[in-house]
Amino acid sequence: MKNFCFLATMLLASINLLAQDNLTVYPTNWWTGMKHKNLTLLVKSTEAIGSPKLAASVNKKGISIKEVRSMENNHYVKINIAIDSNATPGLYTIRFGGIVGNTWKSFQFELKKKSTDDGKSRVRGVTSEDFTYLLMPDRFANGDPSNDAFDDMRDKTSDRANKFARHGGDLKGVQDHLEYFKDLGITTLWFTPVFDNDMPKMKENNTDMAGYHGYWFTDHYKVDKRFGGNEGYKTLVNAAHQKGLKIIQDAIYNHVGLYHWIYQDAPAKDWINEWPSFTGPNHREETMFDPYGSKFDKNNMVKGWFVPHLPDLNLANPDLSTFLVQHAIWSVEEFGIDGYRIDTYKYCDEKFVNRVNEELKTEFPQLTTFVEAWVNTVVGNAYFVQNNFNIPFKHNAPGAIDFSLCFAMQAGMNQPAGWTEGVNRVYMTLSQDLVYKNPLNNCIFLDNHDMDRVYSVIGEDWNKMKWGLNWLLTMRGIPQIFYGTELLMKNFKNPTDAEVRYDFPGGWKEDAVNKFTAAGRNEKENAAYNYISKLAHFRQSSSALKTGKTIQFIVRDGVYVYFRYDAKETVMVVTNTGSKEFTPDWAMYAEVAAGFTKAWNVQTETTTTLTDLKIQPGDSQVLKLIK
């Protein structure tokens with residue numbers, strides 16, 4: 001009899017779920033034990049479910065209904081709920097319908113138990129103690145060929161012979177190479193977005209391009225099944241955490257893909273920034289802080305569409321804002337990510353981004369964020385993060401992707417030292433750190449997925465490459481390299497971004513060579529890999545490089561010298577871009593080097609007395625000072 005009752009109950013539940021097939025609820029679930037106990041559930045249907053007067057109820061204690069109302073588009077209903085402090089995990093059935101003459105509908109909403117490991121083994125934050133590796137899952141490694149393409153998606157293809165198509169790389173491929181990252185000295189993985197991009201190939205620069213990069217969202221709550229789906233993402237994050245690696249999630253608030261339901265069937269017309277005809281942004285971040293700027297230019301900057309297939313979101317809309325905030329919090333708890341990188345930050349509504357940053361920090365104090373604002377100046381970079389400016393609007397993001405320092409380092413590698421050129425540009429850029437609340441929170445880099453590869457930028461000069469790598473791994477901030485830099489992968493973006501996004505050799509079973517192994521790399525590639533690895537592992541044990549202070553000296557005769565130091569350790573970095581041998585004048589550096597007698601070279605692992613130290617033209621050394 002008990003078995004019969006159980007089966008009958010399950011049958012009724014199944015029938016009930018079948019009746020709900022046309023309902024989708026966001027967020028898809030929540031947790032007990034969260035600080036965010038008040039939620040807005042957005043119920044979506046393919047048919048009209050709204051009504052002028054709505055009511056709602058829940059089948060048991062633990063969730064309270066605070067408000068229910070129709071959206072402008074009657075395919076949507078908004079239900080505000082409160083999760084009681086004593087709520088227990090489980091399924092809750094919520095019913096809603098019109099008070100007079102309307103069919104009632106129901107759905108099940110699950111409360112899970114919040115993880116007790118947040119801030120410990122997961123959601124740990126990414127700081128200047130880390131070294132980040134940026135990759136594109138589709139271009140890195142194919143761990144599961146069975147998910148390369150699906151007939152029920154708008155882009156049904158996977159074709160490695162076409163550099164603009166999807167190639168089949170996935171999260172399992174990333175997971176298969178966690179030891180590779182550890183050996184290289186990486187502590188954190190940042191990959192381009194993994195959420196659903198169910199878009200057909202779109203025309204960009206007269207090319208039919210697939211959304212392999214992940215920036216064309218069509219569903220915020222589904223990880224793209226070509227990458228492995230939600231479970232594949234969880235599996236990777238958990239495996240990375242078990243190896244001691246952290247995960248940065250790439251977030252996009254500014255826009256969605258053309259086939260996202262937010263655009264195709266918007267809950268309200270003002271969820272999208274619409275224009276009479278396609279209007280792109282002016283891309284001038286100065287419009288956001290210019291004391292003489294026009295409202296016209298700022299409005300265009302915030303509301304313009306990047307390209308015709310990326311609708312721009314009206315982040316000032318309170319319902320849309322809440323939807324995105326809840327998704328950001330949901331992502332952290334659901335997957336256990338450690339940090340966020342926010343894409344296209346300077347184009348976003350400013351009050352919204354401050355709100356989402358604050359809400360995330362409230363729920364996850366250890367979580368960290370750095371933001372992408374491709375800017376022209378240090379002032380522009382600092383404006384979008386916590387800064388020391390006395391200005392009307394203050395951003396609250398802790399750190400930025402430091403484009404100013406990136407361009408300075410590229411100039412330092414490429415140009416002869418001049419009054420404002422070459423390594424003097426590096427010196428000048430760092431001297432402006434007074435604008436940042438904490439420059440250690442900035443992510444520093446030599447190139448990324450949107451730029452020419454640095455090895456090509458410097459004319460494939462390995463000697464100059466060493467200068468940049470030394471700066472990258474010893475300057476203040478969170479260092480990041482782009483996948484393949486350790487193999488000296490090269491190319492310019494001309495004519496498209498695809499030129500700098502080639503597959504990692506060895507990531508596919510059919511590859512002729514496997515550069516994940518020393519045997520598969522040539523002599524130059526092994527030299528680059530070993531150089532980065534040795535410096536990265538030294539950095540892991542160096543308190544001065546991870547969190548220490550900086551003191552730099554003006555460039556003399558093309559020689560740039562700076563120190564990273566704390567109470568435990570002092571590291572000296574010397575780069576001789578000039579034409580003469582450099583012998584340090586230790587009296588000049590006495591304020592930081594006094595009391596030391598020897599220097600240990602990180603790369604050669606040899607020790608030299610300071611009086612015998614000489615740096616040849618074109619040489620750059622990272623030296624640990626010894627008393």
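Predicted model, so just to flag it, every value in this text is computed and none were measured.
- A centroid separation of less than 6.0 Å is found between the aromatic rings of F306 and H283.
- Under the 4.5 Å side-chain criterion, counting only non-hydrogen atoms from C-beta, K598 is not in contact with K627.
- Without hydrogens or angle criteria, T362 side chain to E358 main chain gives a donor-acceptor distance under 3.5 Å.
- With contacts defined as side-chain heavy-atom distances shorter than 4.5 Å, the pair V174/L135 qualifies.
- If you look at W330 and F335, their ring centroids are closer than 6.0 Å.
- Remark: E486 engages Y133, Y180 in a side chain to side chain donor-acceptor pair (under 3.5 Å) (not counting sequence neighbours).
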Tell me which donor-acceptor pairs under 3.5 Å the side chains of residues 413-420 have, and how far apart each pair is, sequence neighbours excluded?
unit_1: N414; atom_1: ND2; unit_2: V457; atom_2: O; d: 2.8
unit_1: Q415; atom_1: OE1; unit_2: G422; atom_2: N; d: 3.0

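- Partners of K120 by side chain to side chain contact (heavy atoms under 4.5 Å, CB included), not counting sequence neighbours: none found.
- W305 has its ring centre no less than 6.0 Å from the ring centre of H255.
- With E285 contributing its side chain and N376 its backbone, the two residues share a donor-acceptor pair below 3.5 Å.
- By the side chain to side chain donor-acceptor pair (under 3.5 Å) test, D290 is found to be paired with no residue, residues two or more places apart in sequence or in another chain being considered.
- Remark: V500 engages R453, N491, K493 in a side chain to side chain contact (heavy atoms under 4.5 Å, CB included) (not counting sequence neighbours).
- Closest heavy-atom contact between N273 and V302: ND2-O, 4.2 Å.
- Distance alone, capped at 3.5 Å, is enough to place a donor-acceptor pair between the N282 side chain and the D297 backbone.
- At least one donor-acceptor pair under 3.5 Å links the side chain of N463 to the backbone N or O of G618.
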Query raised in the report: Should F445 and F403 be marked as a ring pair (Phe, Tyr, Trp, His ring centres under 6.0 Å) after you check the CA-CA gap, both sets of side-chain angles, and the distance that decides it?
Result: CA-CA 8 Å; F445 61 106; F403 280 93; 5.2 Å; yes
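- A heavy-atom distance below 4.5 Å is found between the side chains of W600 and F538.
- Two rings, from Y531 and W462, have their centers less than 6.0 Å apart.
- For the side chain to side chain contact (heavy atoms under 4.5 Å, CB included) test, residues two or more places apart in sequence or in another chain that qualify with P584 are F582, W586, Y589, L613.
- In this structure, the side chains of L134 and F191 stay at 4.5 Å or more apart for every pair of heavy atoms.
- Here the options are D130, T368, T188, T132, the test is side chain to side chain donor-acceptor pair (under 3.5 Å), and the partner is K246; only D130 passes.
- Judged by distance alone, with hydrogens and angles left aside, the side-chain atoms of N387 form a donor-acceptor pair with the main-chain N or O of V385 at under 3.5 Å.
- The list of salt bridge (Lys or Arg N to Asp or Glu O under 4.0 Å) pairs with a residue in residues 319-328, not counting sequence neighbours, reads R69-D319, K78-D319.
- In this view, E334 and K234 satisfy the side chain to side chain donor-acceptor pair (under 3.5 Å) rule, not counting sequence neighbours.
- Ring centroids of Y345 and Y347 are separated by 6.0 Å or more, keeping the two rings apart.
- A donor-acceptor pair under 3.5 Å links the side-chain atoms of D338 to the main chain of I247, judged by distance alone.
- Using a 4.5 Å heavy-atom threshold, the side chains of E372 and I342 count as separate.
- Smallest separation of non-hydrogen atoms from S404 and V375: OG-CG2, 4.1 Å.
- Taking the ring-ring contact (aromatic ring centres under 6.0 Å, His included) definition, one finds that F393 meets it with H395, sequence neighbours left out.
- Of the possible polar contacts, one joining the D566 side chain to the K568 backbone as a donor-acceptor pair under 3.5 Å is found.
- N381 and D402 make their closest contact through ND2-OD1, 3.3 Å (heavy atoms, listed as atom of the first residue, atom of the second, distance).
- Counting heavy atoms from C-beta outward, Y483 and R139 have side chains that approach closer than 4.5 Å.
- Not a single donor-acceptor pair under 3.5 Å links the side chain of T344 to the backbone N or O of N254.
- For Y436, the ring-ring contact (aromatic ring centres under 6.0 Å, His included) test picks out no residue, with sequence neighbours left out.
- Of the N and O atoms on the side chains of N299 and K303, at least one donor lies less than 3.5 Å from an acceptor on the other residue.
- You'll find the ring centres of F323 and Y253 outside the 6.0 Å limit.
- Looking only at atom types and distance, the side chain of S542 has a donor-acceptor partner in the side chain of E569 under 3.5 Å away.
- Residue S128 comes nearest to R539 through the heavy atom pair O-NH2, 2.7 Å, listed as atom of the first residue, atom of the second, then distance.
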Report task. Take D461 and K466, measure what salt bridge (charged side-chain N to carboxylate O under 4.0 Å, His left out) needs, and give me the verdict at the end. Result -> CA-CA 9 Å; D461 187 326; K466 288 190 288 187; over 6 Å; no
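- Side chains of T575 and Y562 form no contact here, defined as non-hydrogen atoms less than 4.5 Å apart.
- Looking at F352 and V325, their side chains come closer than 4.5 Å, going by heavy atoms from C-beta outward.
- In plain terms, the two heavy atoms of G185 and F131 that are nearest each other are O-CD2, 3.5 Å.
- For Y383 and F389, the gap between ring centers reaches or exceeds 6.0 Å.
- With sequence neighbours left out, the side chain to side chain donor-acceptor pair (under 3.5 Å) criterion links S321 to R355.
- In this structure, H213 and W216 have perpendicular ring planes: the angle between them is above 60°, well past the 30° mark.
- Formation of a donor-acceptor pair under 3.5 Å by the T550 side chain with backbone atoms of R564 is not found in this model.
- Taken from CG in N388 to CD1 in I391, the straight-line distance is 10.5 Å, to the nearest 0.5 Å.
- With sequence neighbours left out, the side chain to side chain contact (heavy atoms under 4.5 Å, CB included) criterion links K580 to no other residue.
- When atom types are taken as modelled, the side chain of Q386 and the backbone of N438 share no donor-acceptor pair closer than 3.5 angstrom.
- Between K490 and D452 there is no salt bridge, since no side-chain N of the basic residue sits under 4.0 Å from a carboxylate O of the acidic one.
- Annotation for F296: atom CZ does not count as buried by contact number, only 12 or fewer foreign heavy atoms lying within 6.0 Å.
- In terms of heavy-atom proximity, A397 sits nearest to V371 at CB-CG1, 3.7 Å.
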Requested in this report: Applying salt bridge (charged side-chain N to carboxylate O under 4.0 Å, His left out), run through E333 and R122 and close with a yes or a no.
Outcome: CA-CA 9 Å; E333 187 60 31; R122 70 202 298 265; 3.7 Å; yes
